[in-house]
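So the structure is just underneath, and the comments pick up after that.
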Amino acid sequence: MNAAKMSKRCTLLLAVLSMAACASGGGTQPVAAQTPVDTTRTLASARDTIPVGFGSLRQDELTIAIRTDALLLKVTPLNERVIRLMAPDTYRRLHALVESRRNEVSRGIGTRELFLVSFFSYQPDVTYQPEDVQLSHLGRTLRPEAIAALTPGWGKQQMAQQATESAIYAFEGPIDYEQDIGVRYGTEESQAWHTIIARMQVERAKVKARAGK
């Protein structure tokens, strides 16, 4: 082999070795491919966040009610996006209630949505079944995963006339509060959340205007 050919082969060999060194860490490392981050949900969540202290709705305006004979059932979502639309004093009360019982009803794996559930009696010796409260949402039937009593007589499941018993219920989440939520108790069911959705949308726009958002 003449000198010219040997020189050419040595040059090629050095080039190959140089490229191998770069690939193994001797040069700039190639950037690993990363899974694209879907920011759509994050941005939508940020837009939906409203400030505290500018709501004006009463609790009953964001509550689903069912009347069965001598019993009145009320179910109120405790999600921040809902209760921030309430008047400031109501928001502070419900927010503090959630924080005081969150650990008690949110243990376990997965997302849980909290609701305030109250029973009111119109007659004496009215009985009620706490586990019979169910939600229907996006084709699912949701039964309570945990119940934290708020009133001392809750466990008796029987009330005197014009008495109220309350508890915080935890249901499997997440729940989209911009979609219909049905409440069922026994054979009775309410789809009143459909009307509440429109009320929340109007109030959310008012809150953002008051806050200068």
Side-chain angles (χ1 to χ4, degrees), residues 55-106 112-137 140-173 175-200 202-203:
S56 65
L57 296 180
R58 294 177 291 105
Q59 181 175 327
D60 279 350
E61 292 182 280
L62 299 176
T63 294
I64 302 174
I66 293 179
R67 173 76 185 268
T68 62
D69 297 326
L71 193 66
L72 176 65
L73 168 68
K74 290 186 174 184
V75 179
T76 307
L78 295 175
N79 184 277
E80 277 287 311
R81 293 191 64 236
V82 176
I83 64 175
R84 286 190 182 195
L85 299 173
M86 299 181 187
D89 57 340
T90 305
Y91 166 78
R92 287 191 295 268
R93 174 172 55 82
L94 294 180
H95 179 78
L97 183 63
V98 170
E99 293 306 310
S100 68
R101 297 302 182 97
R102 185 184 298 278
N103 291 337
E104 185 176 351
V105 294
S106 295
R112 289 186 175 181
E113 298 284 348
L114 306 185
F115 289 74
L116 175 62
V117 175
S118 298
F119 290 92
F120 177 82
S121 61
Y122 291 97
Q123 297 176 6
D125 301 324
V126 174
T127 59
Y128 62 96
Q129 300 298 325
E131 292 79 11
D132 284 354
V133 178
Q134 300 177 13
L135 303 182
S136 58
H137 181 60
R140 298 182 300 156
T141 297
L142 305 178
R143 295 175 175 83
E145 294 190 339
I147 300 176
L150 298 175
T151 50
W154 178 265
K156 297 178 181 179
Q157 300 182 16
Q158 186 170 357
M159 296 182 292
Q161 187 170 2
Q162 295 189 342
T164 299
E165 297 293 348
S166 301
I168 293 181
Y169 280 48
F171 292 92
E172 181 184 359
I175 289 178
D176 183 353
Y177 294 93
E178 298 297 323
Q179 301 292 329
D180 287 341
I181 303 171
V183 174
R184 184 183 302 119
Y185 179 73
T187 60
E188 301 295 327
E189 185 173 7
S190 173
Q191 296 291 338
W193 191 255
H194 180 75
T195 302
I196 295 175
I197 292 173
R199 186 175 299 144
M200 289 196 302
V202 171
E203 182 65 17

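Residues satisfying the salt bridge (Lys or Arg N to Asp or Glu O under 4.0 Å) criterion with R143, sequence neighbours excluded, are absent altogether. For Y128, the ring pair (Phe, Tyr, Trp, His ring centres under 6.0 Å) partners two or more places apart in sequence, or in a different chain, are F119, W154. Listed by chain and residue number, H194 satisfy the side chain to side chain donor-acceptor pair (under 3.5 Å) test with D180 (two or more places apart in sequence, or in another chain). Every residue meeting the salt bridge (Lys or Arg N to Asp or Glu O under 4.0 Å) condition with D60, not counting sequence neighbours, appears here in chain and number order: K74. Every residue was checked against the side chain to side chain donor-acceptor pair (under 3.5 Å) condition with E172, not counting sequence neighbours, and none meets it. In terms of the side-chain contact (heavy atoms from CB on, under 4.5 Å) criterion, T187 has no residue partners (sequence neighbours excluded). Considering only residues two or more places apart in sequence or on other chains, R93 meets the side chain to side chain donor-acceptor pair (under 3.5 Å) condition with Q59. For S190, there are no side chain to side chain donor-acceptor pair (under 3.5 Å) partners two or more places apart in sequence or in a different chain. With sequence neighbours left out, R58 forms a salt bridge (Lys or Arg N to Asp or Glu O under 4.0 Å) with E61. Residues meeting the salt bridge (Lys or Arg N to Asp or Glu O under 4.0 Å) test with E178, sequence neighbours left out: R81, R204.
Listed here is the closest heavy atom pair of S166 and S118: OG-OG, 2.8 Å. Counting all heavy atoms, side chain and backbone alike, A146 lies closest to R112 at CB-NH1, 3.7 Å. Counting all heavy atoms, side chain and backbone alike, A148 lies closest to R101 at CB-NH1, 4.0 Å.
By the 4.5 Å heavy-atom criterion applied to side chains, I168 and R102 are not counted as neighbours. Q158 is listed as a side-chain neighbour of T127, based on a closest heavy-atom distance under 4.5 Å. Under the 4.5 Å side-chain criterion, counting only non-hydrogen atoms from C-beta, Y185 is in contact with Q129. Contact check for L97 versus L150: side-chain heavy atoms found under the 4.5 Å cut-off. With contacts defined as side-chain heavy-atom distances shorter than 4.5 Å, the pair V183/L135 qualifies. When side chains are defined from C-beta on, I181 does not count as touching E113, because their heavy atoms never get closer than 4.5 Å. Contact check for Q162 versus Y122: no side-chain heavy atoms found under the 4.5 Å cut-off. Residues L73 and V133 meet the side-chain proximity criterion, which asks for heavy atoms closer than 4.5 Å.
Considering Q157, M159, K156 in turn, M159 is the only one that fulfils the side-chain contact (heavy atoms from CB on, under 4.5 Å) rule with E165.
One finds the CG atom of L85 at 6.5 Å from the CG atom of L62 (value rounded to the nearest 0.5 Å). For the atom pair CH2 of W193 and OG1 of T63, the computed distance is 8.0 Å after rounding to the nearest 0.5 Å. Interatomic distance, L94 CG to L114 CG, rounded to the nearest 0.5 Å: 11.5 Å. Between the CE atom of M86 and the OG1 atom of T76 there is a distance of 6.0 Å, given to the nearest 0.5 Å. To the nearest 0.5 Å, atom CZ of residue F171 and atom CD of residue E145 are 9.5 Å apart.
At least one donor-acceptor pair closer than 3.5 Å links the side chain of S121 to the backbone N or O of A160. In terms of modelled atom types and a separation under 3.5 Å, the side chain of E203 and the main chain of S56 share a donor-acceptor contact. Using modelled atom types, one side-chain atom of Y169 and one backbone atom of P130 make a donor-acceptor pair closer than 3.5 Å.
Using a 30° and 60° split on the angle between ring planes, Y177 and F115 fall in the tilted class, from 30° to 60°.
Applying the salt bridge (charged side-chain N to carboxylate O under 4.0 Å, His left out) test to pairs two or more places apart or on separate chains, those with a residue in residues 186-200 are R184-E189.
Under 3.5 Å, the side chains of Y91 and E80 contain a donor-acceptor pair of N or O atoms.
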Name the atoms and distances for all side-chain donor-acceptor pairs under 3.5 Å in residues 64-72, with sequence neighbours left out.
from, atom 1, to, atom 2, distance (Å)
R67, NE, D69, O, 2.7
R67, NH2, D69, O, 3.1

